[in-house]
Amino acid sequence: MHSLKEIIQHMIEHTSIKSLLKGEVAPPTNIIVKGWVRTIRTSKNVNFIALNDGSTILNIQLVIDNNTPAFEICQNISTGACIRAEGTLVASQGKGQSVEIQCNSVVIYGTADPEKYPLQKKGHTLEFLREIAHLRPRTNTFGAVLRMRHQMAFAIHQFFNDKGFFYMHAPIVTGSDAEGAGEMFKVTTLPLENPPRNTDGSINYMEDFFGKATNLTVSGQLEAELGALALGNVYTFGPTFRAENSNTPRHLAEFWMIEPEMAFYDIHDNMDLAEEMLKYLINYALQNSKDDLEFLNQMYDKELITRLQSVVDKPFIRLTYTEAVEILIGFNNKFEFKVEWGTDLQKEHENFLVTHHGGPVILTDYPKHIKAFYMKQNEDGKTVRAMDILFPWIGEIIGGSQREENYDKLVSRVTEMGIDEDEIWWYLDTRRFGTCPHAGFGLGFERLMLFVTGMTNIRDVIPFPRTPKNAEF
RNA sequence: UCCUUCUUAGCUCAGCUGGUUAGAGCACAUGACUGUUAAUCAUGGGGUCCUUGGUUCGAGCCCAAGAGAGGGAGCCA
């Protein structure tokens, strides 16, 4: 039985393993640690526990001698158990760690039946771990990925805040299906089995929650533009949904996207910002996620850190679509799909350009008929000021453009592409009242995470992936 | 959605031209061990061979349909 005061102290008076291993506590000092057991090694005289609390990928070693009361308790401790340990931080007698904890007391918060606990002290495949996504944060790999995910999210806000951008929250439920970025998930409170119908048999959305048909957003861009035309520079950073039946290691049905939108930026300013941002983020990872990166480099991708460094160091290659096509045509015999001006580039072509130039490539000025309605039309009448940033293996990590700010030109594209003007009257209004040149882009957060962690499947860089036929956890 | 490969112990896999009681490594359990590093050594338990239907005297293996998963492609971020 503990007093309330004791219970409160019990809850909070512990030191993070990260701070112990960083040398923030000088041995010998009495301390308390709390965390999850990675392995326990027992013998007649002394037991060793590798304890992890998530603050770092590194474990602290607990030493439990057989003359302490804690020794008996170890019988019930196995891989995965959650414990509190109290003892003295001392310089380690053994090799492999500088400090360790000589324990005199151990309390078990939760055992983990070794016959049933799926994570044992052996390697597991990423495919298996996806099936136990509720437990995989406890592995080294997912600990590293999730810590880095936080670092990257934080760095994005830092980058934009330092530049005077405002974080704007685009709506997640949208009444427009004209965003043109893909299939949408319907949002409704109507009964699926018996929805109210109009006399012609169509569903009567007037009776739905919002009084109209609504969907989950596929992009916050149009709303971000509204913000940019008032606040100057804004960015959105939120969840995005695509109901495409995409089964690839690079697509999710629910993912996070960063969409900056800048008033008075042209396509070149846009490229400069995108390149600067990517370099800032990658450099941030190199500076702030060292231990996690070293683990991923060691376990998954021996070139990871070198590749990240090289992207930071070198300027991105910039080519127009037309220039890229000229290069590619010279190698047409290597391609399954032959290149000619006007066709959209295939994955094999993108990969070729990136490998050919040995690093990220920015392509601009695509034919207008393969790009979205809102992109600024060039003088040539054939191309638009689009910009795609292609990364090694990942392909398109950023897609953006200068926006068409001319009302008449925008409306003519809207009409050409068969989009209902009434759906986006509010977007068109910005071009009627105080329009201005502006530009922006979208960065797929998980694609950035793929690059920065060296993971090769996008389902492994988000805590709980949503993909076709999969919404468990 | 298309192409392709796969699904056998908790995990990773082997399993011959179809032939009796289906194997290994790791994990796990028990025991040993004076400081271990995913410790080591010994012993042991553990299986609807993805599902359904078919061919056959006999199917883990052959055929069909279905369900999952991986890789490639498309859609894109």
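So that the names make sense, note that chain A is the first sequence line, chain B the second, and so on, each numbered from 1.
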- Task: Classify the nucleic acid contact of A/Q93 as base, sugar-phosphate or nothing, counting any heavy atom under 4.0 Å across all strands shown.
- Result: base
- Message: Looking at B/A73, I'd like to know if its phosphate oxygens (OP1 or OP2) sit under 4.0 Å from a side-chain N or O belonging to A/R250.
- Response: yes
- Task: Would you mind telling me which residue lines up with the more 5' stretch of RNA chain B, A/T79 or A/S43, judged by nearest nucleotide?
- Result: A/T79
- Task: Looking at every strand, decide which applies to A/I398 at a 4.0 Å heavy-atom threshold: base, sugar-phosphate, or nothing.
- Result: sugar-phosphate
- Message: Using a heavy-atom cut-off of 4.0 Å across all strands, would you classify A/T240 as base, sugar-phosphate, or nothing?
- Response: nothing
- Does B/C11 have OP1 or OP2 sitting under 4.0 Å from an N or O in the side chain of A/K122? no
- Round to a whole Å and report the spacing from CG of A/L129 to P of B/A27. 17 Å
- Message: Can you measure A/H349 atom NE2 to B/A73 atom C1' for me and round it to whole angstrom units?
- Response: 12 Å
- Separation of the C1' atoms in B/U17 and B/A27, to the nearest angstrom: 36 Å
- Consider the side chain of A/Q120, meaning its heavy atoms from C-beta on, and name the nucleotide among B/A27, B/G35, B/A29 that approaches it most closely. B/A27
- Rounded to the nearest angstrom, tell me the gap between atom CG in A/N67 and atom P in B/G35. 15 Å
- Message: Within 45 degrees of the ring normal and closer than 6.0 Å to the centroid, is that where the cationic atom of A/R250 sits relative to A/W393?
- Response: yes
- Query: Say you pick atom C1' in B/C57 and the same atom in B/U52; how far apart are they, in whole Å?
  - Reply: 23 Å
- Whole-Å C1' distance, B/G46 and B/U51: 23 Å
- Item | A/W341 and A/T322: CA distance, side-chain angles, deciding distance, side chain to side chain donor-acceptor pair (under 3.5 Å) verdict | CA-CA 7 Å; A/W341 200 97; A/T322 305; 3.0 Å; yes
- Task: List the steps, then state whether side-chain contact (heavy atoms from CB on, under 4.5 Å) holds for A/V46 with A/V63.
- Result: CA-CA 7 Å; A/V46 60; A/V63 184; 3.6 Å; yes
- Message: Parallel, tilted or perpendicular, judged at 30° and 60°: which one describes the rings of A/F165 and A/F160?
- Response: tilted
- Query: When the P atoms of B/U56 and B/G74 are considered, how many whole Å apart are they?
  - Reply: 46 Å
- Which part of the nucleic acid does A/Q346 contact within heavy-atom distance under 4.0 Å: base, sugar-phosphate only, or nothing? sugar-phosphate
- Item | Exercise: do A/E259 and A/S219 side chains pair donor with acceptor under 3.5 Å | yes
- Message: Does A/T42 reach a base, just sugar-phosphate, or nothing at all? Heavy atoms under 4.0 Å.
- Response: base
- Pairwise P distance, B/C50 and B/C61 [rounded to whole Å]: 8 Å
- If each of A/P118 and A/K44 is mapped to the nucleotide of RNA chain B with the nearest heavy atom, which maps nearer the 5' terminus, i.e. the 5' end? A/P118
- Does A/I83 reach the side chain of A/L62, with side-chain heavy atoms less than 4.5 Å apart? yes
- Task: Report which part of the nucleic acid A/Q61 touches: base, sugar-phosphate, or nothing (heavy-atom distance under 4.0 Å, all strands).
- Result: base
- Quick one: label A/K95 by what it contacts on the DNA or RNA (base, sugar-phosphate, nothing), any heavy atom closer than 4.0 Å. base
- Task: Give the nucleotide from the list B/A38, B/U1, B/C11 with an atom nearest to the side chain of A/T39.
- Result: B/A38
- Message: Looking only at the side chains, is there a donor atom on one of A/N30 and A/T88 sitting less than 3.5 Å from an acceptor on the other?
- Response: yes
- Between B/A27, B/G68, B/G35, which one does the side chain of A/S92 approach most closely? B/G35
- Message: What contact category does A/I397 fall into here, base, sugar-phosphate, or nothing, at under 4.0 angstrom with non-hydrogen atoms?
- Response: sugar-phosphate
- Taking B/G70, B/A38, B/U1 as options, the one with an atom nearest any side-chain atom of A/N247 is B/U1
- Give A/S246 one of three labels, base, sugar-phosphate or nothing, depending on what nucleic acid heavy atoms sit under 4.0 Å from its own. base
- Task: Assess whether one donor atom and one acceptor atom, taken from the side chain of A/Q97 and the base of B/U36, lie less than 3.5 Å apart.
- Result: yes
- Interatomic distance, A/F337 CZ vs B/A73 C1' [rounded to whole Å]: 7 Å
- May I ask you to verify whether the side chain of A/R242 and the base of B/A77 hold a donor-acceptor pair under 3.5 Å? yes
- Message: Rounded to whole Å, how long is the line connecting atom CG of A/N470 with atom P of B/A67?
- Response: 16 Å
- Query: Do any side-chain nitrogens or oxygens of A/R447 fall under 4.0 Å of OP1 or OP2 in B/C76?
  - Reply: no
- Mind checking the C1' distance from B/G71 to B/G60? Whole angstroms is fine. 25 Å
- Task: Assign A/E100 to base, sugar-phosphate, or nothing according to its heavy-atom contacts below 4.0 angstrom with the strands shown.
- Result: base
- Message: So A/G94, base contact, sugar-phosphate only, or nothing? Heavy-atom distance under 4.0 Å.
- Response: base
- Item | Inter-residue atom distance A/D291.CG - A/R147.CZ, 0.5 Å rounding | 8.5 Å
- Task: Under 4.0 Å between any heavy atoms, over every strand shown, what does A/R130 touch: base, sugar-phosphate, or nothing? Just pick one.
- Result: sugar-phosphate
- Pair A/R385 + A/D266, salt bridge at N-O below 4.0 Å: no
- Item | P-based separation of B/C11 from B/U48 [nearest Å] | 11 Å
- Task: Output yes if the stacking criterion (under 5.5 Å between centres, under 30° between planes) is met for A/F255 over the base of B/A77, else no.
- Result: yes
- Message: Measuring to OP1 and OP2 of B/G71, would you say a side-chain N or O of A/N457 lies under 4.0 angstrom away?
- Response: yes
- Task: Please work out if A/Q102 contacts a base, only the sugar-phosphate, or nothing of the nucleic acid, heavy-atom cut-off 4.0 Å.
- Result: base
- Could you give the NZ-to-C1' distance, from A/K347 to B/A77, as a whole number of Å? 13 Å
- Message: From the set B/C76, B/U1, B/G72, return the single nucleotide nearest to any side-chain atom of A/P249.
- Response: B/G72
- Query: Looking at B/A73, B/A77, B/U36, which one has an atom nearest to any side-chain atom of A/T248?
  - Reply: B/A73
- Between NE2 of A/H124 and P of B/G70 the distance, given in whole Å, is 17 Å
- State whether A/E405 and A/K376 are salt-bridged, where the test is any N-O pair (Lys NZ or Arg NE/NH1/NH2 against Asp/Glu carboxylate O) under 4.0 Å. yes
- Message: I'd like the P distance from B/C26 over to B/A42, given in whole Å.
- Response: 10 Å
- Message: Looking only at side-chain N and O atoms, does A/N270 offer a donor or acceptor that is under 3.5 Å from a partner on A/D272?
- Response: no
- Strand RNA chain B as a dot-bracket string - pairs counted if Watson-Crick or G-U with both distances under 3.5 Å, | where the partner lies in another strand: (((((((..((((.....[...)))).(((((.......))))).....(((((..]....))))))))))))....
- Item | Spacing of A/I258 atom CD1 and A/L443 atom CG [to the nearest 0.5 Å] | 4.5 Å
- Item | Whole-Å distance separating the CD1 atom of A/I57 from the P atom of B/A38 | 13 Å
